[in-house]
S.K.: 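Here it is: the structure, laid out below.
Here is the naming used below: chain letters follow the sequence lines, and residue numbers restart at 1 for every chain.
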Amino acid sequence: MNKRVRVRFAPSPTGGLHLGGVRTVLYNYLFAKQHKGDFIVRIEDTDQSRYVAGAEQYIFNCLNWAGLVPDESPFNAGAYGPYRQSERKPIYRKYAEQLVQQGNAYYAFDTPEELEKMRNDFKSAENPSPQYDLDLRKKMRNSLTLTEEEVRKLLSENTKHVIRIKIPEKETISFTDMIRGEVHFDTSLVDDKVLLKADGMPTYHLAVVVDDYLMKITHAFRGEEWLPSAPVHILLWKYLFGLEEMPQWAHLPLILGPSGKLSKRDGATYGFPVFAMNWTDPTTKELSEGFKEKGFLPEAFINLLALLGWNDGTEQEIFTLEELINKFSIERVHSGGAKFDYEKAKWFNHEWIKHSEADRLRSEVKTLLEERGFSVRDDVYLEKVIELVKERCIVLPDFLEQSSFFFKTPESWDVETVKPKWNIEKKIFFESFIQQLLLLKNWNATDIEILFKKLVTENKIKAGELLFPLRIMLVGGKFGPPVFNITELLGKEETIKRIKLASIQFDS
RNA sequence: GGCCCGUUCGUCUAAGGGUUAGGACACCACCCUUUCACGGUGGUGAUACGAGUUCGAAUCUCGUACGGGCUACCA
């Protein structure tokens with residue numbers, strides 16, 4: 001049997017796209033591409049009360065930034081669409097009713113209040129959260145306890161009701177997880193999950209099974225938090241479509257924060273991004289900065305995420321998307337959760353910046369500079385600057401501090417550092433240095449340095465005493481790449497101009 | 001509480017019965033560098049605990065502890 005690989009990612013437009021979500025997409029994507037299959041995105045908006053307008057587009061923007069574009073647009077119904085669950089409502093009803101007909105599901109007429117009462121009444125120290133299970137369902141109002149006539153009457157009166165799966169009494173459900181191997185569940189401990197809600201929308205449980213079947217999904221990867229509800233999904237496959245048709249499951253380990261499952265709160269508390277891109281909480285209006293806006297390269301973001309729970313068995317840590325597609329293997333994914341380490345994340349980004357060609361970084365850096373009012377006219381010049389400073393930039397905004405002086409003459413200088421040691425000899429030195437520079441034929445770092453060193457020797461002053469002031473003259477402070485490289489890029493005119501301007505400051 | 005999953009340096013991890021338990025981040029020291037970085041060399045640092053199987057266990061089995069997840073008409 002040569003099945004075509006189709007994997008799907010199913011984000012819910014109720015919150016931002018966080019680390020765990022992107023990694024799930026990434027593994028889906030890598031697996032699909034590796035097997036020359038399709039990667040599709042299905043949108044889970046079954047809970048209309050938590051639905052956030054615009055979130056779908058946000059998620060898609062994140063995927064686009066990260067380079068993980070689905071093969072079928074989730075917004076236009078293709079052969080297997082629509083992909084938005086709210087647009088598939090009638091489909092779910094049909095299958096839910098089928099389950100009732102087959103005796104695998106039943107109508108339940110309990111109101112939310114009644115359910116709450118039940119949970120309170122049966123709550124005990126040993127059982128803090130009573131389940132709607134094979135014992136309790138006998139005590140509730142549903143098509144199992146009511147007479148056929150009563151049920152018909154309630155239905156004809158349009159009484160609010162849900163459809164629940166009827167979990168079999170004593171059965172062991174087993175399946176093979178691609179990461180964990182055989183997993184077993186005892187049905188006597190699983191509750192009768194709601195499949196179709198009172199508003200006619202499906203729950204995740206029904207939707208995921210029906211959609212995976214109709215969309216011909218062959219492999220389903222999701223977070224480990226779904227493992228406990230896997231038996232419900234297995235049962236639904238068995239009742240509806242047959243186990244042979246069921247996709248292979250892989251439950252991915254969780255990405256942990258400093259304490260437990262990584263949450264939005266962790267980002268705020270510990271000062272690192274948890275979302276791919278900026279996300280504003282719709283209720284609190286609180287903005288969470290994304291990896292993109294923080295200045296991460298998408299290549300680095302993908303790279304660090306891929307390595308959080310997987311490695312290829314070698315000591316290689318830096319991978320391109322292309323390499324990941326070739327080398328990824330679901331069998332090598334860890335079963336244990338991984339704690340996110342922001343320091344290591346920054347290291348990945350630093351590596352990617354260092355190893356990127358200047359023209360790869362050009363437009364990002366240009367935008368950054370222009371946003372701050374620096375005008376960048378010459379792309380060749382900009383690339384030279386990037387090449388010179390990139391190894392000291394960990395995140396993109398670092399380019400601002402490291403390179404802005406290449407585009408604007410400093411307005412102030414670190415006078416305090418220079419002034420105490422500033423004297424007439426030094427003043428004279430720089431005056432003759434300017435004279436020599438004017439005569440210099442080849443304007444490059446090496447020749448300027450030779451000239452400088454020669455002059456230093458002639459004047460019998462220590463080089464260090466002069467190198468430091470020169471740096472501050474050129475950039476304004478104690479930072480930046482090697483001084484003579486700066487002079488080379490700045491050019492003769494600008495270099496001399498800055499030395500003159502700064503000297504005046506030091507004199508006063 | 002019940003069920004499920006997990007446990008190798010502080011963190012991410014390698015090692016699939018025999019290794020001085022390897023690498024990376026972080027940290028420390030030194031070298032390079034008359035700034036800051038990059039780079040180089042070295043260092044501190046781990047198999048949760050207890051039994052069992054075995055000539056031999058991080059590795060297989062069981063128990064304990066700890067961590068995490070789930071236990072909604074959320075996903």
S.K.: Hey, what do you get for CZ (A:F296) to CD (A:E299), rounding to the nearest 0.5 Å?
M.R.: 13.0 Å
S.K.: When you compare B:G67 with B:A24, how far apart are their C1' atoms, in angstrom units rounded to a whole number?
M.R.: 24 Å
S.K.: Measuring only the C1' atom in each nucleotide, how far is B:U11 from B:U44? A whole number of Å is fine.
M.R.: 16 Å
S.K.: So what does A:G15 hit on the nucleic acid, given a heavy-atom distance under 4.0 Å: a base, only sugar-phosphate, or nothing?
M.R.: nothing
S.K.: Is the closest basic N to carboxylate O distance between A:K238 and A:E171 below 4.0 Å?
M.R.: yes
S.K.: From CG of A:L195 over to C1' of B:A72, roughly how many Å is that when rounded to an integer?
M.R.: 14 Å
S.K.: Please work out if A:P481 contacts a base, only the sugar-phosphate, or nothing of the nucleic acid, heavy-atom cut-off 4.0 Å.
M.R.: base
S.K.: When you measure from the side chain of A:R180 to the backbone N and O of A:H251, does any donor-acceptor pair fall under 3.5 Å?
M.R.: yes
S.K.: What's the CD-P distance between A:E465 and B:U35, to the nearest Å?
M.R.: 13 Å
S.K.: Heavy atoms under 4.0 Å, any strand shown: does A:V162 hit a base, just sugar-phosphate, or nothing?
M.R.: base
S.K.: By ring-ring contact (aromatic ring centres under 6.0 Å, His included), which residues pair with A:F399, not counting sequence neighbours?
M.R.: none
S.K.: Could you please name the partner base of B:A65, counting Watson-Crick and G-U wobble pairs only when both distances are under 3.5 Å?
M.R.: B:U7
S.K.: In whole angstroms, how far is the C1' atom of B:C38 from the CZ atom of A:F399?
M.R.: 13 Å
S.K.: Could you tell me whether A:R164 sits above the aromatic face of A:Y132, with NZ or CZ closer than 6.0 angstrom to the six-membered ring centre and within 45 degrees of the axis?
M.R.: yes
S.K.: Hey, does A:V183 reach any base, or is it just sugar-phosphate, or nothing, if we go heavy atoms under 4.0 Å?
M.R.: sugar-phosphate
S.K.: Nearest whole angstrom, please: distance from the P of B:A37 to the CD of A:E387.
M.R.: 20 Å
S.K.: What does A:A463 touch in the nucleic acid at a heavy-atom separation under 4.0 angstrom: a base, only the sugar-phosphate, or nothing?
M.R.: base
S.K.: Before accepting this row, confirm whether a basic side-chain N of the pair A:D192/A:R137 lies closer than 4.0 Å to the acidic partner's carboxylate O.
M.R.: yes
S.K.: Given the C1' atoms of B:U59 and B:G16, what is the spacing between them in whole Å?
M.R.: 7 Å
S.K.: Just to be sure I understand the rule, does A:S129 reach a base, reach only the sugar-phosphate, or reach nothing, if contact means heavy atoms closer than 4.0 Å?
M.R.: base
S.K.: When we call it a touch if two heavy atoms are under 4.0 Å apart, what does A:F479 touch: a base, just sugar-phosphate, or nothing?
M.R.: base
S.K.: How long is the line joining CG of A:N485 and P of B:U35, in whole Å?
M.R.: 14 Å
S.K.: Scan A:R119 against the nucleic acid and name what it touches under 4.0 Å (heavy atoms): base, sugar-phosphate only, or nothing.
M.R.: sugar-phosphate
S.K.: Between A:A198 and A:E449, just flag the one whose closest nucleotide in RNA chain B comes earlier from the 5' side.
M.R.: A:E449
S.K.: Would you please name every residue forming a salt bridge (Lys or Arg N to Asp or Glu O under 4.0 Å) with A:R50, sequence neighbours left out?
M.R.: A:D47
S.K.: Output the rounded distance in Å from CG (A:L307) to P (B:U11).
M.R.: 18 Å
S.K.: Would you indicate what A:D186 reaches in the nucleic acid, counting non-hydrogen atoms under 4.0 angstrom: base, sugar-phosphate, or nothing?
M.R.: nothing
S.K.: Mind checking side-chain hydrogen bond (donor to acceptor under 3.5 Å, both in side chains) for A:S129 and listing every partner two or more places apart, or none if nothing turns up?
M.R.: none
S.K.: Look at the side chain of A:R392 against the base of B:C36 and say whether a donor-acceptor pair falls under 3.5 Å; ignore hydrogens and angles.
M.R.: yes
S.K.: Hey, does A:H334 reach any base, or is it just sugar-phosphate, or nothing, if we go heavy atoms under 4.0 Å?
M.R.: sugar-phosphate
S.K.: Who does B:C74 pair with, Watson-Crick or G-U, both distances under 3.5 Å?
M.R.: none
S.K.: What is the distance, rounded to the nearest whole Å, between atom CZ of A:F272 and atom C1' of B:U11?
M.R.: 12 Å
S.K.: Calculate, to the nearest 0.5 Å, the distance between atoms CG and OG1 belonging to A:L155 and A:T159 respectively.
M.R.: 7.0 Å
S.K.: For A:D414, enumerate each residue passing the salt bridge (Lys or Arg N to Asp or Glu O under 4.0 Å) test, keeping only those at least two apart in sequence or located in another chain.
M.R.: none
S.K.: In whole Å, measure the gap between the C1' atoms of B:G17 and B:U33 for me.
M.R.: 50 Å
S.K.: Are any protein N/O atoms closer than 3.5 Å to N/O atoms in nucleotides 64-70 of chain B? If there are, list each pair with its distance.
M.R.:
{"from": "B:G69", "atom 1": "OP1", "to": "A:K261", "atom 2": "N", "distance (Å)": "3.4"}
{"from": "B:C70", "atom 1": "OP1", "to": "A:K261", "atom 2": "NZ", "distance (Å)": "3.3"}

S.K.: May I have the distance from A:K346 (atom NZ) to B:C12 (atom C1'), rounded to whole angstrom?
M.R.: 16 Å
S.K.: When the C1' atoms of B:G10 and B:A72 are compared, how many Å lie between them, rounded to an integer?
M.R.: 37 Å
S.K.: Name the nucleic acid region contacted by A:L115, choosing base, sugar-phosphate or nothing; use a 4.0 angstrom heavy-atom cut-off, strictly under.
M.R.: base
S.K.: Hey, is the side chain of A:N311 poking within less than 4.0 Å of OP1 or OP2 on B:C12, counting only N and O atoms?
M.R.: no
S.K.: Filter on side-chain hydrogen bond (donor to acceptor under 3.5 Å, both in side chains), then keep only pairs touching residues 327-340 of chain A, sequence neighbours left out; what's left?
M.R.: A:N311-A:R332, A:Q316-A:K327
S.K.: Tell me if B:C31 is syn or anti. Syn = glycosidic torsion within 90° of 0, anti otherwise.
M.R.: anti
S.K.: With a 3.5 Å limit on both atom pairs, tell me what B:A58 is paired to, counting Watson-Crick and G-U wobble, or say none.
M.R.: none
S.K.: Between protein and nucleic acid, restricted to nucleotides 21-23 of chain B and to nitrogen or oxygen atoms under 3.5 Å apart, what atom pairs and distances do you find?
M.R.:
{"from": "B:G22", "atom 1": "O2'", "to": "A:E315", "atom 2": "OE2", "distance (Å)": "3.4"}
{"from": "B:G23", "atom 1": "O4'", "to": "A:E315", "atom 2": "OE2", "distance (Å)": "3.3"}

S.K.: Would you say A:K478 reaches B:U34's phosphate, i.e. side-chain N/O to OP1/OP2 under 4.0 Å?
M.R.: no
S.K.: If you find the nucleotide of RNA chain B closest to A:T111 and the one closest to A:K354, which residue's nucleotide is nearer the 5' end?
M.R.: A:K354
S.K.: Please state the C1' separation for the pair B:U47 and B:G22 - nearest whole angstrom.
M.R.: 13 Å
S.K.: How is A:H350 classified with respect to the nucleic acid when contacts are heavy atoms under 4.0 Å: base, sugar-phosphate, or nothing?
M.R.: sugar-phosphate
S.K.: Mind checking side-chain hydrogen bond (donor to acceptor under 3.5 Å, both in side chains) for A:D398 and listing every partner two or more places apart, or none if nothing turns up?
M.R.: none
S.K.: With sugar-phosphate meaning primed atoms plus P, OP1 and OP2, does A:L189 contact a base, only sugar-phosphate, or nothing at under 4.0 Å between heavy atoms?
M.R.: sugar-phosphate
S.K.: Less than 4.0 angstrom between a side-chain N/O of A:R332 and OP1 or OP2 of B:A15, yes or no?
M.R.: yes
S.K.: Kindly say if A:K339 contacts the phosphate of B:G10, meaning a side-chain N or O under 4.0 Å from OP1 or OP2.
M.R.: no
S.K.: Contact class for A:F348 (heavy atom, under 4.0 Å): base, sugar-phosphate, or nothing?
M.R.: nothing
S.K.: Distance check, P atoms only: B:C60 and B:U8, in whole angstrom units.
M.R.: 14 Å
S.K.: Suppose you measure atom C1' in B:A29 against the same atom in B:G45; what distance do you get, rounded to whole Å?
M.R.: 15 Å
S.K.: Who does B:G39 pair with, Watson-Crick or G-U, both distances under 3.5 Å?
M.R.: B:C31
S.K.: For a quick test of your reading: what N or O donor-acceptor pairs under 3.5 Å do the side chains of residues 458-468 of chain A make, sequence neighbours left out?
M.R.:
{"from": "A:N459", "atom 1": "ND2", "to": "A:L455", "atom 2": "O", "distance (Å)": "2.7"}
{"from": "A:E465", "atom 1": "OE1", "to": "A:K426", "atom 2": "NZ", "distance (Å)": "3.2"}

S.K.: Please determine if A:E387 and A:K384 form a salt bridge, counting it only when a charged side-chain N lies under 4.0 Å from a carboxylate O.
M.R.: no
